Amino acid sequence: MSINRRKFDALVIGAGGGGLRAALHLAREGVHTAVVSKVFPTRSHTVAAQGGINAALANMVPDNWHWHMFDTVKGSDYLGDQDAIEYMCKVAPKIVYELEHFGVPFSRTEKGKIYQRPFGGQSQNFGGDQAARTCAAADRTGHAMLHSLYQQNIAANSHFFDEYFAIDLLRDDDGHVTGALVIEIETGEPLVIEAKATLLATGGCGQMYKTNTNAHVNTGDGMAMALRAGIPLQDMEFFQFHPTGIAGRGLLLTEGCRGEGGYLVNKDGERFMERYAPNAKDLASRDVVSRAIYTEVKEGRGCGEAGDHVHLKLSHLGADVIMKRLPGIRDTCMTFLHKDPITDLIPIYPTAHYVMGGIPTNRSGEVVTVGRRKGTEKVVPGLYAAGECACVSVHGANRLGGNSLLDIVVFGRAAAEHMIEYVRENPAHRDLPEKSLGEIESRLARWEETGEGPSVLDLRNELKIAMETYCGVYRDEETLATGIEKVAEIVERIKDVRLKDQSKVYNTSRIEALELENLADIAMATVTSAHARQESRGAHSRVDFPERDDANWMQHTLYLREGRKLAYKPVRTQPLTVESFPPKKRTY
Amino acid sequence: MRFRIYRYNPETDREPYMQEYDLPEIGADMVVREALIIIKGVDETLSFRHSCGEGVCGSDAMNINGRSALACLTKLADLAEPVEIRPVAGLPVIRDLVVDMTGFYRQYRAVKPYLINRDPEPEIEHLQSIEDREKLDGLYECIMCGCCSTMCPSFWWNPDKYLGPQALLQAWRFLADSRDQATDERLDDLEGPYKLYRCHTIMNCVEVCPKGLNPTKAIGHIKQLMLKKAI
């Protein structure tokens with residue numbers, strides 16, 4: 001079978017905020033770039049981000065990038081790399097102004113500036129009063145950003161491959177990544193896209209949990225592609241549970257609800273966060289609030305007949321604030337709950353939301369793998385990653401709300417910047433790695449086998465339940481060990497799955513089968529990494545190891561697919577220009 | 001609950017047909033998207049697009065009991081039986097409920113749907129008053145699902161010449177933006193008997209928009225501005 005081949009200077013896989021920000025920079029600099037996305041770009045999950053994007057613009061109250069940096073380091077429970085965090089917080093204002101210039105319809109202040117709302121974990125003066133750092137377009141900031149970025153890409157004539165699914169990276173014997181094999185979903189035809197530089201911007205993997213805030217498409221494809229190319233995943237044990245998903249359904253209700261003044265109550269009507277975080281209360285960081293909700297429910301103070309959730313109270317904000325600042329939230333509550341936040345309490349429960357871990361990169365977006373000497377790393381030439389699929393690491397063990405939209409544009413842009421240089425320094429395409437291509441083809445061909453076997457949907461559901469049960473908010477040795485067994489068993493059984501639909505045209509079952517393989521690999525990375533980490537830090541809460549252990553565990557986990565091995569590397573505690581923030585006890 | 005679903009696979013079917021499915025158990029708050037996922041669990045050959053499940057990505061527009069709607073926001077309890085699900089009208093069918101949206105996207109791109117501001121970039125944000133920003137409410141929220149254009153008879157007859165409600169709503173979104181400086185150019189681009197003026201205010205678009213937006217009103221604003229410019 002001869003496969004069509006296309007050559008570009010650069011290849012961007014994923015067209016959410018990270019991919020589109022990178023593509024825009026590349027297109028404007030005249031780099032011949034292909035953007036591959038399994039969905040039409042504006043369907044990418046950035047569209048669902050609600051609350052906003054952090055930058056110390058000081059439009060509402062005094063602010064400073066250094067305070068933003070402190071909050072992010074503290075929020076990360078000191079696992080974030082301080083050089084990358086300094087870079088991100090310092091460049092944030094410029095990045096947000098740039099977005100505004102692209103046309104993002106930010107909400108405005110009386111003076112006509114970008115409106116900013118308070119969000120969790122934000123402070124002035126290194127832990128002082130609440131800051132208001134989250135730039136918002138009502139409660140549709142991600143939608144506004146994604147559409148504006150796509151629109152500017154139209155203006156810049158970026159070259160899109162819409163509804164093409166990336167199967168695997170092409171990697172030659174010298175370790176260079178030279179592009180990817182993709183398939184056109186409409187025709188089922190494979191296509192080799194060769195590129196001098198390839199960016200993975202494929203987003204998160206929340207679909208590995210049963211109840212999640214993520215879209216159906218968030219299956220961690222880029223992360224699994226990296227794993228299969230022999231590249232590790234970093235810090236996968238850190239998965240964020242968002243405090244306010246609609247109970248039982250998982251739909252996200254932005255942290256902006258609490259930023260605008262909403263708060264949580266238990267069945268006694270008590271504002272319980274006052275007990276857990278006396279200063280920040282409901283605006284403590286997400287890991288803290290999620291654990292508090294979990295504890296309230298576990299100790300019998302949950303709401304509803306089953307006592308299995310708590311309530312979000314917004315009614316005291318008044319109709320005006322709710323309609324102006326949280327219109328999408330109100331729509332969602334009315335549609336899915338028949339409840340109006342202007343008058344009703346909203347049932348919420350922590351919900352799988354965001355993966356802090358991902359493909360390890362440096363702050364230029366270059367992917368780095370395990371180095372020869374212990375604890376060192378080396379660059380994978382020709383490969384970049386940005387956004388949720390990457391781990392720079394700016395979020396460490398727990399991401400602050402509003403830092404994710406920032407991460408994607410900052411590092412999407414930074415990666416593109418480096419790719420432009422790389423493409424100029426490496427003007428020739430490398431040879432097509434036939435061996436690597438052959439392996440990918442046989443992986444695809446496996447799905448043409450027919451016969452009886454379990455269904456994709458059944459195994460996907462089993463995987464999601466296993467992860468929720470054995471790798472959720474609270475963890476211990478026994479549940480995690482069982483989790484490893486369960487996930488390993490599912491990984492084995494995927495080999496028995498046979499597709500009943502063998503047609504080529506728009507075969508979504510085939511795509512879902514490939515996504516299931518991706519999810520299972522990532523779930524294995526997550527539960528294995530979680531089992532090994534014997535401490536509690538950020539989103540990783542071990543009942544059997546309740547304290548943070550800086551002496552032994554202030555290091556990044558690296559999981560390799562081959563042999564399911566783990567390696568570790570130190571946290572970069574040295575910022576670029578300012579002094580390091582040493583680990584302290586984390587209270588809010 | 002009984003469903004009749006449009007099926008067509010160009011590789012195996014000479015022509016489309018309706019296939020019936022029965023779902024014995026329907027949850028109280030279940031939406032069409034959830035029903036389709038269950039049906040796909042039983043019959044994995046059924047193809048349809050869907051993603052976010054909360055009406056923001058715009059992937060799962062389909063014709064449900066005769067009107068364009070998002071499967072993820074349409075409650076089964078509100079539907080008459082059998083629930084008839086077809087691809088949205090007016091666009092070529094690729095397979096089952098999946099349509100080719102190329103023409104729809106082309107009309108979107110034709111209105112230059114991006115902010116044009118030719119001043120040197122300011123160091124900070126462009127200032128915009130709260131009132132000016134409010135003019136974008138009801139416009140920028142469009143999710144490009146295509147419910148409006150695929151229910152518009154004018155778009156059915158002239159999908160290549162008439163821009164359709166979605167693209168025109170976006171044209172107005174930029175005309176209405178105090179930061180945009182391409183008003184004349186945008187209005188010139190909309191001249192001619194078809195692009196804008198094929199709107200006959202049938203208002204199906206307003207009726208079906210899952211985000212509650214009003215393309216007809218936006219089109220009216222553009223017409224007014226054209227008139228003002230002509231005088």
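Given the structure is predicted, the values throughout are model-derived calculations rather than measurements.
Top candidate by heavy-atom pairs under 4.5 Å with chain A, chosen from B:I124, B:I116, B:N9, is B:I124. Note: B:E125 leads B:E134, B:E125, B:E131 in heavy-atom pairs under 4.5 Å with chain A. Heavy-atom pairs under 4.5 Å with chain A peak, among B:G41, B:G212, B:C145, B:G58, at B:G58. The most heavy-atom pairs under 4.5 Å with chain A, out of B:Q170, B:K211, B:H126, come from B:H126. For chain A, the option among B:N117, B:D100, B:T45 with the highest count of heavy-atom pairs below 4.5 Å is B:T45. Between chain B and the residues A:L99, A:I154, A:V505, the most heavy-atom pairs under 4.5 angstrom are made by A:V505. Between chain B and the residues A:D331, A:V96, A:V104, A:L57, the largest count of heavy-atom pairs under 4.5 Å involves A:V104. Heavy-atom pairs under 4.5 Å with chain A were tallied for B:S129, B:G55, B:C142; the largest tally goes to B:C142. No other option in A:I114, A:T42, A:L457 has as many heavy-atom pairs under 4.5 Å with chain B as A:I114. Among A:E110, A:E98, A:H45, the residue with the largest count of heavy-atom pairs under 4.5 Å with chain B is A:E110.
Ring geometry for B:Y108 against A:Y150 counts as parallel: the plane angle stays under 30°, on a 0 to 90° scale with 60° as the upper cut.
Listed by chain and residue number, nothing satisfies the salt bridge (Lys or Arg N to Asp or Glu O under 4.0 Å) test with B:K195 (two or more places apart in sequence, or in another chain). A search for salt bridge (Lys or Arg N to Asp or Glu O under 4.0 Å) contacts involving B:E20 returns B:R2, B:R4, not counting sequence neighbours.
Only the backbone of A:F102 has a heavy atom closer than 4.5 Å to any heavy atom of chain B. At a 4.5 Å heavy-atom cutoff, the contact between A:E512 and chain B is made by side-chain atoms alone. Contact of B:F48 with chain A is made through the backbone alone, with heavy-atom distances under 4.5 Å. Neither the backbone nor the side chain of B:K112 comes within less than 4.5 Å of any heavy atom in chain A. Residue A:K504 touches chain B through both its backbone and its side chain, counting heavy-atom pairs closer than 4.5 Å. Looking at B:K40, only its side chain comes within 4.5 Å of chain A, counting heavy atoms on both sides. Neither the backbone nor the side chain of A:L337 comes within less than 4.5 Å of any heavy atom in chain B. Within the 4.5 angstrom heavy-atom criterion, only backbone atoms of A:T109 (N, CA, C, O) approach chain B. Contact annotation for A:H143: only side-chain heavy atoms (C-beta onward) come within less than 4.5 Å of a heavy atom of chain B. Interface remark: B:I143 contributes backbone and side-chain atoms alike to the contact with chain A (heavy atom separation under 4.5 Å). Within the 4.5 angstrom heavy-atom criterion, no atom of A:D458 approaches chain B. Interface residue B:E141: backbone and side-chain heavy atoms are both found under 4.5 Å from chain A. For B:P10, the part lying near chain A is the side chain, with the backbone staying farther off; criterion is any non-hydrogen pair under 4.5 Å. Looking at B:I94, the atoms closer than 4.5 Å to chain A (heavy atoms on both sides) sit in the backbone and in the side chain alike.
Salt bridge status for A:E100 with A:R108: present, with a side-chain N to carboxylate O gap under 4.0 Å. Residues B:R186 and B:D189 are not paired through a salt bridge, judged by the lack of any N-O separation under 4.0 Å between the basic side chain and the carboxylate.
Judged by distance alone, with hydrogens and angles left aside, the side-chain atoms of A:N218 form a donor-acceptor pair with the main-chain N or O of A:A215 at under 3.5 Å.
Looking only at atom types and distance, the side chain of B:R95 has a donor-acceptor partner in the side chain of A:S503 under 3.5 Å away.
In this structure, the side chains of B:L225 and B:W172 come closer than 4.5 Å at one or more pairs of heavy atoms. Considering only heavy atoms from C-beta on, B:R133 stays 4.5 Å or farther from A:F106 through its side chain. Side-chain contact between B:E11 and A:Q502 is absent, with no heavy-atom pair separated by less than 4.5 Å. For the pair B:Q166 and B:F104, the minimum side-chain heavy-atom distance is below 4.5 Å. Contact check for B:Y6 versus B:N63: no side-chain heavy atoms found under the 4.5 Å cut-off. B:L79 is not listed as a side-chain neighbour of B:K75, based on a closest heavy-atom distance of 4.5 Å or more.
Of all heavy-atom pairs spanning B:E54 and A:L251, the tightest one is OE1-CD2, 3.2 Å.
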